[in-house]
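Shown next, in structure tokens, is the structure this report addresses.
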Amino acid sequence: MAIMFERRITVAGALVLAFGLAAPAAADGPYDFGSTPSPAEIAAVDIDITPNGGGLPPGEGTHGRGAEVYAERCAACHGETMEGVKEMGGAALIGGRDSLASDAPKKTVESYWPYATTLFDYIRRAMPFDAPGSLSDDDVYALAAYILGEARIVGKKAVLNAKSLPRIHMPNRDGFNPDPRPDVHNYD
């Protein structure tokens with residue numbers, strides 16, 4: 001005879017189980033889960049980095065330091081050579097340059113992304129997958145230097161920071177059509 005147990009898991013509880021996030025101190029709102037984010041929690045996902053570098057924090061990083069951080073925090077999902085690890089859900093990061101108009105497009109940082117600042121912003125907010133927002137700004141600059149250096153977009157001796165990162169001309173920079181609406185910011 002089997003005994004069935006009913007379990008209720010809230011969205012917050014599921015996030016705690018899936019990602020090891022801290023459980024909220026108290027439930028708020030009509031759905032009886034979650035909590036009002038603290039200023040520190042909001043700052044961790046702040047999305048105010050613009051293509052022209054507005055909002056970039058102080059700090060800097062190099063290819064060498066980026067290689068160390070990548071091996072420790074990124075290679076398990078994105079592969080030793082940034083080829084991606086499908087079983088882990090990690091996409092390829094480099095390669096595929098000029099492939100977007102082909103029969104086998106490969107969307108990578110190298111082939112698709114129009115701005116290097118977007119790379120910094122995404123790594124800072126969303127990576128590593130098991131601990132988003134846990135990298136220092138110096139480590140994020142270093143990872144950007146490593147990825148862009150391996151893609152031959154910048155030299156391996158480049159030092160990336162808030163001044164140098166927005167100056168990088170990405171290979172697909174001109175592959176997007178600007179939005180003509182007057183209420184949309186165009187940062188070029």
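All residue numbers refer to positions in the sequence shown, counting from 1. Predicted model, so just to flag it, every value in this text is computed and none were measured.
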Report task. Determine the interplanar angle of the W113 and Y122 rings, folded into 0 to 90°, and report it as parallel if under 30°, tilted if 30 to 60°, perpendicular if over 60°. Result -> perpendicular
Query raised in the report: With no hydrogens and no angle check, is any side-chain donor or acceptor of T62 less than 3.5 Å from a backbone partner on V159?
Result: no
Report task. Please name the pair of heavy atoms, one in P166 and one in G53, separated by the smallest distance, quoted to 0.1 Å. Result -> CG-CA, 3.6 Å
Requested in this report: Could you check if a side-chain atom of F129 sits within less than 4.5 angstrom of a side-chain atom of R73, using non-hydrogen atoms only?
Outcome: no
Query - Co-membership, hydrophobic cluster, residues L100 and M170, 4.5 Å side-chain - result: yes
Requested in this report: Flag the pair E68 / Y146 as yes when at least one side-chain heavy-atom distance between them is below 4.5 Å, and no otherwise.
Outcome: no
Query raised in the report: Would you say the side-chain atoms of H78 pair up with the backbone N or O of V85, donor to acceptor, closer than 3.5 Å?
Result: no
Report task. Any chance you could measure E72, atom CD, to D139, atom CG, to the nearest 0.5 Å? Result -> 8.5 Å
Query raised in the report: Do P114 and N172 have side-chain heavy atoms sitting under 4.5 Å apart?
Result: no
Report task. Kindly give the heavy-atom pair with the smallest separation between A76 and M88, and that separation in Å. Result -> O-CG, 3.5 Å
**Report entry** Pairwise side-chain contact, L56 with D137, heavy-atom cut-off 4.5 Å (strictly under)
**Finding:** no
Report task. Search all heavy atoms of R97 against all heavy atoms of A151 and return the closest pair with its distance. Result -> NH2-O, 2.7 Å
Query raised in the report: In terms of ring plane angle, is the pair F176 and Y112 parallel, tilted or perpendicular, where the classes change at 30° and 60°?
Result: perpendicular
Query raised in the report: Would you call F120 and P57 a side-chain contact if the rule is heavy atoms closer than 4.5 Å?
Result: yes
Query raised in the report: Taking T108 for the side chain and S111 for the main chain, is one N or O donor matched with an acceptor at less than 3.5 Å?
Result: yes
Requested in this report: Using modelled atom types only, decide if a donor and an acceptor are shared between the side chain of N52 and the backbone of G54 within a distance under 3.5 Å.
Outcome: yes
Query raised in the report: Rounded to the nearest 0.5 Å, how far does CD of E80 lie from SG of C74?
Result: 13.0 Å
Requested in this report: Would you kindly say whether D138 and S136 are connected by a side-chain donor-acceptor distance under 3.5 Å?
Outcome: no
Query raised in the report: Counting N and O atoms only, with roles assigned by atom type, does the side chain of E83 sit under 3.5 Å from a partner on the main chain of A92, one being a donor and the other an acceptor?
Result: no
**Report entry** Minimum heavy-atom distance G96-S99, with the two atoms named
**Finding:** O-OG, 2.6 Å
Requested in this report: Kindly determine whether T118 and D121 satisfy side-chain hydrogen bond (donor to acceptor under 3.5 Å, both in side chains), including the steps that lead there.
Outcome: CA-CA 5 Å; T118 305; D121 181 55; over 6 Å; no
Requested in this report: Nearest 0.5 Å please: distance from the CD atom of E110 over to the CD1 atom of I153.
Outcome: 5.5 Å
Query raised in the report: Is it the case that H63 and E150 place a side-chain donor and acceptor less than 3.5 Å from each other?
Result: yes
Query raised in the report: How close do Y70 and L93 get, heavy atom to heavy atom, and via which atoms?
Result: CE1-CD1, 3.9 Å
Query raised in the report: V140 versus R125: any side-chain heavy-atom pair under 4.5 Å?
Result: no
Query raised in the report: Hey, quick one: are V109 and I168 part of the same hydrophobic cluster, counting side-chain heavy atoms closer than 4.5 Å, chains of contacts allowed?
Result: yes
Query raised in the report: Any donor-acceptor pair under 3.5 Å linking the side chain of R124 with the backbone of P132?
Result: no
Report task. List the atom of A145, the atom of V154, and the distance in Å for their closest heavy-atom pair. Result -> O-CG2, 4.2 Å
**Report entry** Distance, nearest 0.5 Å, that separates CZ of R167 from OG1 of T117
**Finding:** 13.5 Å
